[in-house]
*Asks:* 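Pasting a structure here, questions to come.
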Amino acid sequence: MKRPLLLVGILSMVMFTAPFSASQSSIPNSPQGFQQQYHAVFESFQAHNDSELQSRVDTFAIPTHWFKETFTPDRASELAAQYAKEFAEFKKRTAANFAAIEPLKVRLNVDPAVPVDIHTRHWTVAEDTMSMQRPSGLQAPLPQAQKFAIDVVATSGQYGRLTSSIEAFIFLDGAFRYFGRQGRPFWVGKP
């Protein structure tokens with residue numbers, strides 16, 4: 001009779017531990033939190049773990065519930081589809097930027113043995129989303145957009161920063177979410 005109780009106890013621990021562990025893994029809404037979330041993507045690239053890389057890049061996607069909660073029903077699906085295209089470009093661009101590091105080192109005459117790393121930094125003070133071009137159908141306030149510079153740096157020697165890009169993100173549901181390229185939200189045309 002003790003075995004079924006033990007099994008029930010173990011199952012309840014598993015069922016109630018999962019939600020808590022997910023909430024404990026949330027990222028702080030800070031430059032250090034962004035570095036933590038983005039650097040994990042780079043670590044997966046360096047480990048040649050493509051499935052983990054894709055999974056970690058996907059943590060930057062805006063959840064579908066946000067579109068339904070933020071925009072009217074007629075605009076939510078349209079903007080979600082537009083975002084899906086923009087996010088797919090972000091994923092391709094991220095992978096391509098990582099893949100271009102070694103050829104860039106060759107082009108810049110950087111010793112191939114010099115290790116590189118990703119450093120991120122707040123580019124400016126958080127953007128005021130109220131001053132952004134706002135899409136029609138907005139039914140809730142937009143979260144604060146933040147721009148981050150993503151730098152590829154040589155970690156030894158005299159080389160310093162090799163390349164840099166700027167992307168916009170919002171903080172939503174315990175993680176940074178891709179919001180647009182440079183300072184533009186995803187619903188505005190490409191820079």
*Asks:* Name all pairs fulfilling the salt bridge (charged side-chain N to carboxylate O under 4.0 Å, His left out) condition that reach into residues 108-117, sequence neighbours left out, sorted by first residue then second.
*Replies:*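 Those involving residues 108-117 do not exist here.
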
*Asks:* Charged N to carboxylate O under 4.0 angstrom, Lys85 versus Glu89?
*Replies:*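 Salt bridge flag = no for Glu89 with Lys85.
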
*Asks:* Using the test side chain to side chain donor-acceptor pair (under 3.5 Å), find all partners of Gln139 that sit at least two apart in sequence or belong to another chain.
*Replies:*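 By the side chain to side chain donor-acceptor pair (under 3.5 Å) rule, Gln139 matches no residue at all.
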
*Asks:* Indicate yes or no for a side-chain donor-acceptor contact from Gln37 to the backbone of Pro28 under 3.5 Å, with no hydrogens or angles considered.
*Replies:* no

*Asks:* Listed by chain and number, what are the side chain to side chain donor-acceptor pair (under 3.5 Å) partners of Asp173, not counting sequence neighbours?
*Replies:*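 Partners of Asp173 under the side chain to side chain donor-acceptor pair (under 3.5 Å) test: His65.
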
*Asks:* Do the charged groups of Arg75 and Glu78 touch, with an N to O distance under 4.0 Å?
*Replies:* yes

*Asks:* Has the side chain of Ser44 got a donor or acceptor atom that lies under 3.5 Å from a matching backbone atom of Ala40?
*Replies:* yes

*Asks:* Partners of Ser164 by side chain to side chain donor-acceptor pair (under 3.5 Å), sequence neighbours excluded?
*Replies:* Asp151

*Asks:* Ser165: what forms a side chain to side chain donor-acceptor pair (under 3.5 Å) with it, not counting sequence neighbours?
*Replies:* none

*Asks:* Does Trp66 have its ring centroid less than 6.0 Å away from the ring centroid of Phe71?
*Replies:* yes

*Asks:* Shortest non-hydrogen contact from Thr155 to Val116?
*Replies:* CG2-C, 4.1 Å

*Asks:* Which residue pairs satisfy the salt bridge (charged side-chain N to carboxylate O under 4.0 Å, His left out) criterion with at least one member in residues 96-109, sequence neighbours excluded?
*Replies:* Glu102-Lys105

*Asks:* Using the rule ring pair (Phe, Tyr, Trp, His ring centres under 6.0 Å), only one of Phe90, Phe60, Phe171 pairs with Tyr178; which is it?
*Replies:*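 Among the candidates, only Phe90 passes.
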
*Asks:* Taking the six-membered ring for Trp and the full ring for Phe, Tyr or His, determine whether the centres of Phe148 and Phe176 are under 6.0 Å apart.
*Replies:* yes

*Asks:* Can you tell which of Phe34, Phe87, Phe179 makes a ring pair (Phe, Tyr, Trp, His ring centres under 6.0 Å) with Phe169?
*Replies:*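 Result for ring pair (Phe, Tyr, Trp, His ring centres under 6.0 Å) with Phe169: Phe34.
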
